[in-house]
There are 2 protein chains.
Amino acid sequence: MKEKKEYTISELAKEFDISPRTIRYYEEIGLLSPKRTKGNQRIFSRKDRARLKLILRGKRLGFSLEEIREMVEMYEVSEPEQIRVTLKYGDKRLKEIEERIQELEMLKEDLLAIRERLIERLKELEGKEGKKEK
Amino acid sequence: MKEKKEYTISELAKEFDISPRTIRYYEEIGLLSPKRTKGNQRIFSRKDRARLKLILRGKRLGFSLEEIREMVEMYEVSEPEQIRVTLKYGDKRLKEIEERIQELEMLKEDLLAIRERLIERLKELEGKEGKKEK
DNA sequence: AAATAAGTTAACGTTTACGTAAACGTTAAT
DNA sequence: ATTAACGTTTACGTAAACGTTAACTTATTT
């Protein structure tokens with residue numbers, strides 16, 4: 001059992017390569033709610049860590065912290081009416097995500113096409129102009 | 001032949017559901033370079049329009065305008081050395097895009113898992129509590 | 001040609017997501 | 001018991017990506 005169950009703010013900051021300020025900011029806007037020691041220092045549970053990980057994934061994908069909040073909060077709804085609302089919202093998000101994957105595939109195709117053209121162009125140029133020595 | 005070849009700023013703004021200000025801003029930072037009429041008003045060619053489309057796709061995908069600039073500029077390199085640099089850069093971008101697709105798939109799985117759990121939970125609650133009429 | 005609509009630049013305002021610094025308390029190491 | 005090293009709050013600063021308003025010019029409509 002190598003898994004730690006508690007983390008300090010700088011441990012998490014280092015692990016995820018972000019600043020402590022960023023983590024504090026996420027708490028400030030209610031994205032994280034770590035416990036505190038008697039000395040008032042933050043202690044992050046494994047759940048907190050998992051949540052942070054999710055937040056950062058969302059960020060890499062270009063979601064705003066508001067959008068991320070809406071997604072991570074899906075984990076803790078409990079009232080039936082809220083569950084129904086959340087399900088609807090979640091389905092919308094899922095569609096968006098699928099669209100996004102599609103758009104990324106298109107972008108990928110575009111870049112691949114450019115790549116081909118550049119390689120062609122380069123061949124021509126090198127052919128015409130003779131080799132420049134390294 | 002239904003295709004227009006020139007557009008005004010508000011036509012494009014309407015078509016893509018953005019503000020004219022946004023388009024002007026993109027010109028301001030050099031992402032677009034429309035021609036002008038004698039009266040100094042912007043006229044956008046089909047190329048300009050295509051470019052704007054690309055920019056907006058990049059935005060939806062969460063890229064910064066700087067990143068987008070680097071990508072759209074790949075279209076117009078011509079010097080051999082620049083082509084080589086661009087190719088390297090493009091390959092990096094392609095890898096990033098593939099990673100991004102992976103992460104989106106993961107996010108999708110997460111959301112699907114939450115969805116399942118919510119549906120289960122809802123079934124339980126509705127079962128226990130009897131049906132509330134609409 | 002007069003009015004209305006659309007476009008222009010310039011400049012200041014706003015939101016998001018933190019960075020940075022000050023001033024101070026807590027924990028760990030020597 | 002002192003230092004470091006690390007942590008805390010408060011508050012002001014900042015970059016990106018526009019929004020908003022003003023003051024003015026150009027196009028279009030009637």
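- Between B/T8 and C/dG7 there is a side-chain N or O to OP1 or OP2 distance below 4.0 Å.
- For D/dA17, neither phosphate oxygen OP1 nor OP2 lies less than 4.0 angstrom from any side-chain nitrogen or oxygen of B/Y26.
- Atom CD of B/E11 is separated from atom P of D/dA27 by 15 Å (rounded to the nearest Å).
- Sequence order on DNA chain D of the closest nucleotides to B/E66 and A/S10 puts A/S10 first from the 5' end.
- For B/E11 (side chain) and B/T8 (main-chain N/O), a donor-acceptor pair under 3.5 Å exists by modelled atom type.
- If you take CZ of A/R69 and P of C/dT16, they are 10 Å apart, rounded to a whole angstrom.
- Across all strands, B/I29 comes closer than 4.0 Å to no nucleic acid atom at all (heavy-atom distances).
- Per the geometry, CD1 belonging to A/I9 stands 15 Å off C1' belonging to C/dG25, to the nearest Å.
- As a whole-Å value, the separation of A/R21 CZ from C/dA17 C1' is 9 Å.
- Note on A/S19: a side-chain N or O is less than 4.0 Å away from OP1 or OP2 of C/dG19.
- The CD-P distance, from A/E28 to C/dT20, rounds to 16 Å in whole Å.
- Distance B/I23 CD1 to C/dG7 P: 10 Å, rounded to the nearest Å.
- Under 4.0 angstrom from either OP1 or OP2 of C/dG19 there lies at least one side-chain N or O belonging to A/T22.
- In terms of modelled atom types and a separation under 3.5 Å, the side chain of B/R69 and the main chain of B/I29 share a donor-acceptor contact.
- Counting to the nearest Å, the P atom of D/dA17 and the CZ atom of B/R24 are 19 Å from each other.
- Residue A/R42 is in sugar-phosphate contact alone, with no base atom involved, counting any heavy-atom pair closer than 4.0 Å across all strands shown.
- At least one test fails for B/R49 against the ring of B/F16: distance under 6.0 Å to the centre or angle within 45° of the axis.
- Using a 4.0 Å cut-off, some side-chain N or O of B/R36 falls inside it from OP1 or OP2 of C/dT9.
- Contact annotation for A/K38: no contact, since no heavy-atom pair falls under 4.0 Å across all strands.
- Under the 3.5 Å distance criterion, the side-chain polar atoms of A/S10 are left unmatched by any main-chain donor or acceptor of A/A13.
- The interatomic distance linking B/Y25 (OH) with D/dT20 (P) rounds to 16 Å, in whole Å.
- No donor-acceptor distance shorter than 3.5 angstrom exists from the side chain of B/E73 to the backbone of B/E70, with no hydrogens or angles considered.
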